[in-house]
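This report refers to the structure that appears directly beneath it.
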There are 2 protein chains.
Amino acid sequence: MTEAVQTRPGGRSARVRAAVHRAVEELAAAGPAETLTIPAVAARAGVHPTTVYRRWGSVGQLLADAATSRFSGNVVVPDTGSLAGDLERWMDDVATDLADPDVLALMRATIGSGPDGGCACAVDRHEQLGAIIEREQARGGKVPELERAVDMLLGPLYYRAIFAGQPASGEWARGLVAALLAG
Amino acid sequence: MTEAVQTRPGGRSARVRAAVHRAVEELAAAGPAETLTIPAVAARAGVHPTTVYRRWGSVGQLLADAATSRFSGNVVVPDTGSLAGDLERWMDDVATDLADPDVLALMRATIGSGPDGGCACAVDRHEQLGAIIEREQARGGKVPELERAVDMLLGPLYYRAIFAGQPASGEWARGLVAALLAG
DNA sequence: AGGCTAACGCAACGATGAGTGCGATAATTT
DNA sequence: AAATTATCGCACTCATCGTTGCGTTAGCCT
């Protein structure tokens, strides 16, 4: 009597999901926020609007899903052997990702869609930074606190991207790492 | 023959403007983003939708206007006599402001409304920080660079508010000031 | 106080987004 | 290979947003 709701993740469903996610990213990058509507997304994805309404329900949930899918696992945690090297490589990757206007547009739209939109964009990065620090700790090295690292690395990076509109250079990012490790 | 477009800022216009701004803040705080529509704002403000359409045009411009109005001049630059004191007081005020859920909701909606939405929320704070540093410089004290101050103070503050969802305590904010002045 | 005109309210229309019932398709299982 | 059923496409309806023309109200100036 188990009412197991079995899902069906292979084949067409996956294709539809990917196409819709791609359409969301493109539309978020293209026009103003009010053009990001479900019929528009469906048309661009080559899918019927009904499908999107049924699978996601609202623009907010659609954006949250697209954002978590986009911001999870597209940056690999490096392993250079030293904490400084790991952090510098990782910051460089994150900064490069944040320099893409399409990524920024998706982030802005996701933030605007609800209270946890911002978290969906950064949780993965938070965990990656924690993993880097944990590994150094396993190596036996002295590590900064995760909170301090978040404040001094992620904070400035995301602030510049969203609130200042400045591009983040690799050199500047390495300076942040140096400041963290010096303190 | 001067075609001076004379505006009429007093009396009713100002009342309407204030009521609409208030309605935007309330609606942004109340429901999801898709409920923040011009007819809804007009109804809550006790104003006819046509008025809002004509004066602001789109939800994006309306949000930008409301945000700049809300985030300008509601924090006074303190003058305690020392740089550390000024920064601590100011950070405390900003942190308190950012702890208000309504303020956060307005910020999120503004960020989601367009590419410069984020700037509209932070430009004033940027200038205030610059003013504090300039005053200390006039006093003859040694001052940090404005960029570094932004990275180490505004960055963590806004990152926590938007991307981490953590409340910012006054103690933690003072720690940021200490770290900046120590470096 | 009276005129001038910017700003607002009202009514109506077209366009489009949101939601629903039903049949068709294709992924998964036996 | 055949059956099962989750998922999708289609046609249709309802609600509401965006816009325009016109009359009215109420700031500002002489």
Side-chain angles (χ1 to χ4, degrees), chain A residues 1-24 26-28 30-66 69 109-110 112-114, chain B residues 1-24 26-28 30-66 69 109-110 112-114:
Chain A
M1 283 300 179
T2 62
E3 303 237 358
V5 181
Q6 30 190 345
T7 181
R8 190 177 289 187
R12 186 165 71 164
S13 290
R15 265 200 311 277
V16 168
R17 197 176 130 96
V20 169
H21 281 177
R22 181 193 197 87
V24 168
E26 290 176 358
L27 277 183
E34 40 257 26
T35 64
L36 190 69
T37 174
I38 290 190
V41 170
R44 187 166 195 95
V47 169
H48 204 271
T50 318
T51 303
V52 183
Y53 279 116
R54 280 205 254 263
R55 278 186 59 143
W56 286 278
S58 74
V59 184
Q61 292 171 316
L62 177 55
L63 270 170
D65 190 42
S69 166
T110 308
S113 72
Chain B
M1 282 303 180
T2 61
E3 303 237 359
V5 182
Q6 27 188 347
T7 181
R8 191 177 287 186
R12 188 165 68 164
S13 291
R15 266 202 310 276
V16 168
R17 196 175 131 96
V20 169
H21 281 177
R22 182 194 197 86
V24 168
E26 290 177 358
L27 276 182
E34 42 257 26
T35 65
L36 190 69
T37 176
I38 290 190
V41 170
R44 188 167 194 94
V47 169
H48 205 270
T50 319
T51 301
V52 182
Y53 279 117
R54 280 204 254 262
R55 278 186 59 146
W56 286 278
S58 73
V59 184
Q61 292 171 317
L62 176 55
L63 270 170
D65 191 41
S69 167
T110 308
S113 72

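Distances were taken from every side-chain heavy atom of Ser13(B) (C-beta onward) to each of dA27(C), dC8(C), dG17(C); the shortest belongs to dC8(C). Here the nucleotide nearest the side chain of Pro39(A), chosen from dG17(C), dG18(D), dA27(C), is dG17(C).
Rounding to whole angstrom units, CD of residue Gln61(A) and P of dA18(C) are separated by 13 Å. The distance from atom CD1 of Ile38(A) to atom P of dT16(D) is 17 Å, rounded to the nearest whole Å.
A heavy atom lying under 4.0 Å from DNA chain D marks the following residues of residues 43-58 of chain A, by number: Val47(A), His48(A), Thr50(A), Thr51(A), Arg54(A), Arg55(A).
The OG1 atom of Thr50(A) sits 10.5 Å away from the CD1 atom of Ile38(A) when rounded to the nearest 0.5 Å.
Of all heavy-atom pairs between Gly112(B) and Ala33(A), the closest is O-CB, 3.2 Å. Taking all atoms of both residues into account, the shortest heavy-atom contact from Trp56(B) to Gln61(B) is O-OE1, 2.5 Å. Contact detail for Ala109(B) and Leu36(B): the closest heavy-atom pair is CB-CD2, 4.4 Å. Here the closest non-hydrogen pair linking Ser69(B) and Arg17(B) is CB-NH2, 4.4 Å.
Applying the side chain to side chain donor-acceptor pair (under 3.5 Å) test to residues at least two apart or on different chains, none of the pairs has a partner in residues 32-43 of chain A.
Shown here is Arg22(A), whose CZ atom has no more than 12 heavy atoms of other residues, nucleotides or ligands within 6.0 Å.
Direction of the helix axis in the helix from dA1(C)-dT30(D) to dT30(C)-dA1(D) shifts by 50° between the two five-pair termini, rounded to 10°.
No option in Val24(B), Asp65(B), Leu62(B), Leu63(B) other than Leu63(B) meets the side-chain contact (heavy atoms from CB on, under 4.5 Å) test with Thr110(B).
Residue Arg17(A) is out of contact with every strand shown, counting any heavy-atom pair closer than 4.0 Å.
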